[in-house]
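Heads up, the thing below is written out as structure tokens.
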Amino acid sequence: CGGISHAYVIFGATGNLAATKLLPALYQLHCMGQMAEDVEILGCGRTPYTRDSWQEEVRKQFVEAGMAESPCLASFIQRLDYLSGSLKDAGFYQALGKWISNDGECANNVIFYLSVSPDLYVEVTEGLAAANLLDETHGWRRMVIEKPFGHNLESARALQHSLSDHLKEEQIYRIDHYVGKEAVQNLLVLRFANLILEPLWNRHHIDHIQITHAETLGVEGRANYYDKSGGAVRDMIQSHLLQVMALLAMEPPVSLQSESLRDEKVKVLQSIRPVDLEQLATHAIRGQYAAGEISGQAVPGYLQEEGVAPGSHTESYAAMKLYIDNWRWKGVPFYLRTGKRLKERRSMVAVRFRRPPMQLFHGSGISQPHPNWLLIGIQPEDAVRMEVSAKVPGLEMRTRQIVMDASVGHPGERKAEAYEELLLDVIKGDRSLFLRYDEVKAAWNVVDPVMQRWGEDEQLPLQYPAGGWGPKAAEKIFEGSDRAWRHSL
Ligand code: BG6
């Protein structure tokens, strides 16, 4: 067989993540010519598909999702195979071993993608190890796991302990799909491929930074997972938003090699000051959506969603104020917030600069100079905007804010999906965009005390109507300063 040969083995292949993200991303890589000829994709699940019926099922899913029948789709489908069985059954791993070796000398490099409940990570790893499928004598074996990595600091440690009994750190790919988004990677480029931002990128010039991930969707049939193991802090802040914060705040890395990049990110995470639990109401705010309207459609409240426990305290909204105790950022607040069933779907970073030291333009009708803002859209728009003051045309010396605006992509350019980039990186063995265990641990360290304190609180999270911007009290996080949430670019 020519070239590197490898197989993707997807556990949980009949689940939602595989259908909506993994298989479409592999399909795109296939069509872009990024997949070697002899790569096979093995779906594993309990549903008893055969190779043929699985291929037909995936083809149907793709067409239903709006993809056109094409030679590319037809040739992609030919790469698919299926193995049914229970992940709890030793016989399943034996059969998997047989499939891998039956594939001949070529299928020696294998990616095991665990698109299953995190409770099963250890069991699957042990099953694979017992069948000797993690041994790298005849090619590499890599395991991809999805967040959450544990549900708190202690369980993250226990998970790491169990995984490292069978896998070397280099074999573990902890995926945080947010880091694979084009606009999130662009944060590195904006900061380190330009010179104009870096001299200003510190406590002397920046007043504060906001990181927002707002969704209009609710729990969308994931209540079973979200209500027990999620909540806005675990589901979004511990992973995605702290990663964005680390990329915004880190020092220039020595290189873009995975270890250099992750060394710098982890220093930021380790420098985050513990949240002040005595002042929790102004440092961390949690909310839960009540019934309301999204784009004119009535939607139920969180507690009425199917699968949510009666009286559940799980938060669907969280906002946190964090400080990084290092030379660059001491005293600069980072405000992170995320919520479901909010007014708009929008993820963005808003950097507010300090005000100029004095107001020269007394005739301008404003008592204070406007601060500059740098706004970076992550989704839906991938845009960079800068708000600056300029003279209003006319005889008077009056000023107003104008916007310097640029969309990142050019018309007609296709944005790569996060999973395309990340799945390709796993084949290449590039771990830069995957989380290292020390990052995960440092991130749990930040959120764990807050979650524990909330866990002891008998009050329900603050209720907010679906379709708004979250609980009113989330403004309290600014403590009466002249700061307020930016909801749009
Ligand atoms: C996932 C969370 O990791 O990220 C979801 O579990 C959330 O609750 C999603 O909706 C948001 O990511 P994206 O890429 O859909 O904006």
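Whatever order the structure lists ligands and atoms in, that order sets their numbers, starting from 1.
- Considering backbone and side-chain N/O of Y226, none are found under 3.5 Å from N/O of ligand 1.
- With hydrogens and angles disregarded, a donor-acceptor distance shorter than 3.5 Å links the side chain of S316 to the backbone of Y289.
- Residues H208 and W373 bring their aromatic ring centres within 6.0 Å.
- The closest approach between a heavy atom of E220 and any atom of ligand 1 is not below 4.0 Å.
- The protein heavy atom nearest to atom 4 (O) of ligand 1 is H177 CE1, 3.3 Å.
- Considering each of E146, R346, H240, Q379, the one bringing a non-hydrogen atom nearest atom 16 (O) of ligand 1 is Q379.
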- Message: side chain to side chain donor-acceptor pair (under 3.5 Å) for Y302 and D227? Distances and angles first, verdict last.
- Response: CA-CA 10 Å; Y302 182 76; D227 197 46; 2.6 Å; yes
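- Protein heavy atom in closest approach to atom 9 (C) of ligand 1: E215 OE2, 4.0 Å.
- For atom 14 (O) of ligand 1, the nearest non-hydrogen atom of the protein is K181 NZ, 2.5 Å.
- No cation-pi contact links K147 to F149, judged by a cut-off of 6.0 Å to the six-membered ring centre and 45° from its axis.
- When each atom of ligand 1 is checked for a heavy atom of K340 under 4.0 Å away, the hits are 5 (C), 7 (C), 8 (O), 10 (O).
- Ring planes of F11 and F112: parallel class, angle under 30° (limits at 30 and 60°).
- Between the side chain of E420 and the backbone N or O of Q28 there is no donor-acceptor pair closer than 3.5 Å.
- Taking the six-membered ring for Trp and the full ring otherwise, the centers of W329 and F334 sit less than 6.0 Å from each other.
- Atom 6 (O) of ligand 1 has its closest protein heavy atom at D235 OD1, 2.6 Å.
- Counting atoms of ligand 1 from 1 in the listed order, those under 4.0 Å from a heavy atom of K147 are 1 (C), 2 (C), 3 (O), 6 (O).
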